[in-house]
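Computed from a predicted model, the values in this text were never measured in an experiment.
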Protein chains: 2
Amino acid sequence: MYSISNVSSARPPRTTARPVEHPFTDDRTGRARIRDAAIQLVADSGPSAWSARGVARAAGVSPGLVIHHYGSMDALRAACDEHVVARIREKAEAASATGAPVDVLSVLREDDGGLLAGYLAAVLAESSPAVARLVDDLVADAERYLLHGAASGRLRPTDDLRGRAVVLTLWSLGALVMKEHVKRLLGADLTAAGTGTEAIAAYVRPVSDIYAHGLFSEAFASTTRAVLEEESP
Amino acid sequence: MYSISNVSSARPPRTTARPVEHPFTDDRTGRARIRDAAIQLVADSGPSAWSARGVARAAGVSPGLVIHHYGSMDALRAACDEHVVARIREKAEAASATGAPVDVLSVLREDDGGLLAGYLAAVLAESSPAVARLVDDLVADAERYLLHGAASGRLRPTDDLRGRAVVLTLWSLGALVMKEHVKRLLGADLTAAGTGTEAIAAYVRPVSDIYAHGLFSEAFASTTRAVLEEESP
DNA sequence: CGATATGCTATACACCTGTTTAGCGCGGAG
DNA sequence: CTCCGCGCTAAACAGGTGTATAGCATATCG
């Protein structure tokens, strides 16, 4: 689900990969600098940019230090996933606590220059236990929101709340993965925090329209429902 | 858009990567065998499986022959993209000619063991001119379908037909890219041609429900529309 | 027959990958 | 002072990458 009232105002431009000023500066040891540089690199240049030497260069350290701190590139990858997932979880929980709509795209629209969104977009299609857990959690969040929304009368009830939560969440995440196509076709950059309301609106408007009224005419919707009921076991 | 009446019946199981029996056998020179093996490899094992030696092994030839025929791995990649895109285009045109709903997921559900879908899922998030063109064409197809659907009264009219076409197409393609998450969360395998109606239904049902009625209650939809109109320039 | 084209392999090369190892510098504690 | 721990680099290694090159086998044509 996506609510227009959640559309944030203009943000500062994205930073490019370089060693490395960062929105989360809590534990800036060499270890943290390396992890953060790796996240930035993947967010900016995709999974193919992943290498010990690339990360080392971006962090301003030697490749040996990368391995020294993390033991292997796989372990670094897992650490990056866990870190990004934890951050997103925090943001999703904060949004949930305010009763705001729990759409992952709005959760990700923060002043981090598109870092979390960019990294997530890059890894969503890859096999990662941490990311799979995040997706599952986001679905659970969406399901809770749908439940409350139906109870309050804002959202239509359904006998398959979970299926709906899965579909809505995966649609949003899928659009994120397909961000370059979204950008080319609609001019909307789903990860750029610097994007103004207008540029995101090109994506949000048709989405909201479908959420508001569906796609089928009422007559056709009735027909489809009849077909659905025939096919049910 | 997705129509239940388009759900195909059970198909034979997927083939695994091996040298290599294939649904399209028209030009089975060494060159074609290599290209087809490469497509199968990526469909089965993702972009990280891409290497001259991996493709050569799968095709039962030497790595040198791969390069001999295509000049470089980049050229082979481009050839694979073009080939898959051409096949999908054929299928989409055939579906369009019959007036069937032009949903890419149903177009891809054929007796090729999930090959086209699997390859497309693997490359959709990567930068590829051929794939971008395919996406653009699929959006154009969807827009035409929406136009006809609105004229016939089956689909709701909208002042942003193109935006809707983009969103619907990218949702479907996004779900394809996220196929492992769809499978884990709903048990629906969007690329496996061997999947029966029931397994796909777990994805299709909530989708159809949203298409039929939207997500918001009528009261809330009216409110959202009011917000939308306020925010329009 | 020889010449040419095509298909193909084996080998080698330059460069990249992740990882290991040795060693230096610095700070703190005893 | 010495010792220890930590942070760090440089060099080396094994294994992988894409690619180039030489050469063999086969078929076809004049």
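A straight line from OH of B:Y70 to P of C:dC8 spans 12 Å, rounded to a whole angstrom. A straight line from CZ of A:R31 to P of D:dG7 spans 10 Å, rounded to a whole angstrom. Atoms CD1 (A:I34) and P (D:dG7) sit 10 Å apart, rounded to a whole Å.
Using a 4.0 Å cut-off between charged nitrogen and carboxylate oxygen, B:D36 and B:R33 do not count as a salt-bridge pair. Of the charged side-chain nitrogens involved, none lies within less than 4.0 Å of a carboxylate oxygen, so that B:E180 and B:K183 do not count as a salt-bridged pair.
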Quick one, give me the B/S/- string for nucleotides 9-15 of chain D, reading 5' to 3', where B means a protein heavy atom under 4.0 Å from the base and S means that only happens at the primed atoms, P, OP1 or OP2. B--B---
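Here A:H181 contributes atom NE2 and B:L124 contributes atom CG; the two are 5.0 Å apart, rounded to the nearest 0.5 Å. Separating the CZ atom in A:R31 from the OH atom in A:Y70 is a distance of 4.5 Å, to the nearest 0.5 Å.
The side chain of B:R33 contributes an N or O atom lying less than 4.0 Å from OP1 or OP2 of C:dC8.
Nucleotides of DNA chain C nearest to A:G54 and A:G71 differ in position, and the one nearer the 5' end is that of A:G54.
Side-chain proximity of B:I67 to C:dC8, D:dC8, D:dA20: nearest is D:dA20. Comparing atom distances between the B:H69 side chain and each of C:dG18, C:dC8, D:dG18 picks out C:dC8 as nearest.
Scored by the side chain to side chain donor-acceptor pair (under 3.5 Å) test, B:E82 finds B:R133 as partners (sequence neighbours excluded). Remark: B:S128 engages B:D81 in a side chain to side chain donor-acceptor pair (under 3.5 Å) (not counting sequence neighbours). The salt bridge (charged side-chain N to carboxylate O under 4.0 Å, His left out) search around B:D137 returns B:R89, not counting sequence neighbours.
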Got a list of protein N/O to nucleotides 23-27 of chain C N/O distances below 3.5 Å?
none

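Sequence neighbours left out, the pairs with a member in residues 116-128 of chain B that pass salt bridge (Lys or Arg N to Asp or Glu O under 4.0 Å) are B:R77-B:E126.
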